[in-house]
Enquirer: 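Take a look at this one; I'll ask things after.
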Amino acid sequence: MRLKPVRTVVALLLSGLFVSCIENDIPYPYIEGYIEDIQVEDMEGDAEIDRTNRVVNITVGEDVFLDSLPITRLIVNKDATIYPDSAACIRVNGFPTFSFSSLDELPGNANTAVDFTNPAHFLLRTYQDYQWTINVTQNIVREIVVDNQAGVDPQFDFQNHIVVVYVTDEADYGNIQFSKLDLEGTKTTLEPDFRTVTDFTRPRTFKAYRNGKYVCDWTVDVQKSSTAAAITSYNAWATKVELSGSVRSGLTPTLQYRVQGTDAWTEVPASQITMQGNTAFSATVTGLEDGTNYEMKATAGGSDSESLLFQTETIITIPNMDFETWTQSGKNWYPNPVADNLDDPQAYWATGNEGVTMVGESTTTPIEGSEAYQGKTAKMVTKTGVMLVGAAAGNLFIGKYKTNMGSPKDSPQFGRPYNGARPTKLSGYYKYTSTPITYQGDGKTPGNLTTDQCQIYMYLWDASGKQIAYGEFTGSETISQYAKFEFDIEYSDRITKPAEIAIVATSSKYGGEFEGSKVVGQVGEGSTLWIDELELSYD
């Protein structure tokens with residue numbers, strides 16, 4: 001399983017005697033080279049930085065030119081030197097080899113423009129080489145409005161720059177009137193002017209210009225269609241489906257659905273259907289059952305569309321979300337029915353206890369009675385003054401754990417396989433004792449804490465290892481009585497299905513920040529987090 005790009009919450013404890021038995025024959029230290037932050041001109045949102053796969057995904061607006069896009073900010077870790085992509089950089093010897101926060105920091109002869117029409121590859125060199133791939137996607141709004149437009153979306157062939165536009169049977173190929181033809185965005189111009197071209201008895205070709213610069217040729221092919229309304233895309237969740245569709249200009253669509261194989265149709269309330277312009281609509285249909293096959297159709301002008309068949313996602317149960325199941329082996333506690341948090345199929349959850357118990361007691365344990373919320377409750381405690389690593393935060397997470405003496409931050413592997421419905425919230429019950437900061441780490445991670453913080457967070461990844469969702473809760477105050485926490489799970493990719501999930505809890509938010517084998521985050525001795533009865537919610 002891949003090591004996930006999430007904050008490491010496990011501090012590995014090693015005794016001095018044990019370390020003295022290890023022969024160090026590595027000539028150079030192991031220091032990762034990674035991108036901390038990057039910005040480009042006209043960037044939309046934040047860059048998605050995947051340290052595990054060394055990939056950066058960036059989205060930009062429609063005004064820029066991908067073939068000469070300036071990087072306006074590039075921060076790498078202090079030990080790394082930047083070697084830019086010689087094939088992609090507009091002037092490779094003008095690209096800085098060091099981090100820069102803005103273009104104002106660079107000399108006048110610097111040039112950070114890069115051709116991002118294809119992925120660009122940057123090498124970060126420490127004592128080893130780390131190649132990073134930067135992908136830039138341009139968000140271009142394409143909209144077409146034509147008289148007598150049929151209820152079928154235009155079909156774009158982006159590779160060959162061909163678009164097929166559908167009109168009704170009553171339209172005259174010799175007199176086609178476009179009122180909007182945005183083929184390369186809302187601010188591009190076409191030659192010839194599309195408003196002067198009306199004869200589409202054959203496909204017509206237009207040259208697209210952005211800010212006066214030629215972009216490409218587009219071929220427009222007009223075809224007739226009798227379809228009055230159509231559902232063009234859908235995104236089914238556990239109890240809802242999000243739809244997009246097209247409708248003939250001047251008509252209003254209705255939507256109906258039923259469980260596949262039944263007779264009765266249910267009409268979607270008009271309030272759930274939103275018109276987008278004259279020929280497009282969207283809708284969110286709620287109140288569905290998870291893991292169920294449905295049939296849906298759109299109706300306009302007295303005719304029905306082809307039926308859309310879809311299945312809602314199935315809600316599955318994640319084991320031991322109530323933390324009632326624990327197994328003890330020696331000084332180690334495991335939140336599983338087996339004394340394992342690595343290879344056994346029943347070992348869904350893990351802790352860093354195996355690293356801690358080399359020189360002490362488990363920092364994550366079950367508790368019962370008056371101290372617990374209900375039945376058994378997970379308790380996590382932070383320790384400082386720990387040999388070698390400096391501090392150890394109590395922790396509990398979905399994933400695997402295997403002690404890595406050479407690189408403690410790599411001991412945990414976050415995430416387990418997950419093919420269930422996409423959750424939208426995580427809730428549970430907690431209490432927390434926040435103690436004063438007694439361990440300063442490097443003094444700058446984060447550098448401004450006076451009392452400790454706990455954290456509970458969650459990730460989802462797709463089958464390629466790309467993060468698609470994240471949510472978190474941070475507690476900074478002492479809560480002496482159990483209280484409910486809840487946070488939304490935000491999706492950066494609302495289409496792709498999840499393949500892995502991780503839920504992580506720790507008594508010290510920064511207790512898993514490492515430089516080499518040393519914890520560098522600020523933590524407080526004795527900070528304690530109790531959690532119980534976790535629950536995922538679904539839309």
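Worth knowing before you read on, the calculation uses all heavy atoms, side chains too, and leaves out hydrogens, waters and symmetry mates.
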Enquirer: Salt-bridge test for K187 and D63: reply yes if a basic N is under 4.0 Å from a carboxylate O, no otherwise.
Expert: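 Result for this pair is yes, salt bridge flagged.
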
Enquirer: Sequence neighbours left out, what pairs pass side-chain hydrogen bond (donor to acceptor under 3.5 Å, both in side chains) with at least one residue falling in residues 487-497?
Expert: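 Applying side-chain hydrogen bond (donor to acceptor under 3.5 Å, both in side chains) to every pair that reaches into residues 487-497, excluding sequence neighbours, yields E242-R494, E313-K497, K425-D488, D493-T496.
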
Enquirer: So, using side chain to side chain contact (heavy atoms under 4.5 Å, CB included) as the criterion, who are the partners of A300 when residues are at least two apart?
Expert: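 For A300 the side chain to side chain contact (heavy atoms under 4.5 Å, CB included) partners, ignoring immediate neighbours, are A228, A229, V247, L251.
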
Enquirer: Before we go on, tell me: are the rings of F414 and Y457 under 6.0 Å apart, centre to centre?
Expert: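 No, the ring centres sit 6.0 Å or more apart.
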
Enquirer: The criterion is side-chain hydrogen bond (donor to acceptor under 3.5 Å, both in side chains); which residues satisfy it with T292, sequence neighbours excluded?
Expert: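 Testing T292 for side-chain hydrogen bond (donor to acceptor under 3.5 Å, both in side chains), a comparison that skips the adjacent residues, returns none.
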
Enquirer: Could you name each residue pair satisfying salt bridge (Lys or Arg N to Asp or Glu O under 4.0 Å) that touches residues 255-284, not counting sequence neighbours?
Expert: R258-E295

Enquirer: Can you name the closest pair of heavy atoms from A421 and A238 and give their distance?
Expert: CB-CB, 3.7 Å

Enquirer: E62 side chain to T186 main-chain N or O, any donor-acceptor pair under 3.5 Å?
Expert: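 A pair under 3.5 Å: yes.
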
Enquirer: Provide the full list of ring pair (Phe, Tyr, Trp, His ring centres under 6.0 Å) pairs with a residue in residues 285-319, sequence neighbours left out, each pair given once.
Expert: Y234-F310, Y294-F310

Enquirer: Please table the atom pairs, donor to acceptor, closer than 3.5 Å between any side-chain atom in residues 175-184 and protein atoms at least two apart or in another chain.
Expert:
from, atom 1, to, atom 2, distance (Å)
N175, OD1, Q177, NE2, 2.8
E184, OE1, R210, NH2, 3.2
E184, OE2, R142, NH2, 3.2
E184, OE2, W218, NE1, 3.0

Enquirer: For residues 272-291, which side-chain N or O atoms pair as donor and acceptor with protein atoms under 3.5 Å away, sequence neighbours left out?
Expert:
from, atom 1, to, atom 2, distance (Å)
Q276, NE2, S282, OG, 3.4
D290, OD2, I315, N, 3.0

Enquirer: With sequence neighbours excluded, tell me which residues meet side-chain hydrogen bond (donor to acceptor under 3.5 Å, both in side chains) with K224.
Expert: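 Listed in chain order: nothing, the list is empty.
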
Enquirer: If the condition is ring pair (Phe, Tyr, Trp, His ring centres under 6.0 Å), which residues does F100 pass it with, not counting sequence neighbours?
Expert: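 For F100 there are no ring pair (Phe, Tyr, Trp, His ring centres under 6.0 Å) partners, ignoring immediate neighbours.
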
Enquirer: With sequence neighbours left out, write down each residue that passes side-chain hydrogen bond (donor to acceptor under 3.5 Å, both in side chains) with D37, or none if nothing qualifies.
Expert: R73

Enquirer: Quick one: side chain to side chain contact (heavy atoms under 4.5 Å, CB included) partners of T117, sequence neighbours excluded?
Expert: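 With neighbours one apart ignored, the set is L66, D67, D115.
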
Enquirer: For T219, check side-chain hydrogen bond (donor to acceptor under 3.5 Å, both in side chains) against everything at least two apart and list the hits.
Expert: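 By the side-chain hydrogen bond (donor to acceptor under 3.5 Å, both in side chains) rule, T219 matches T205.
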
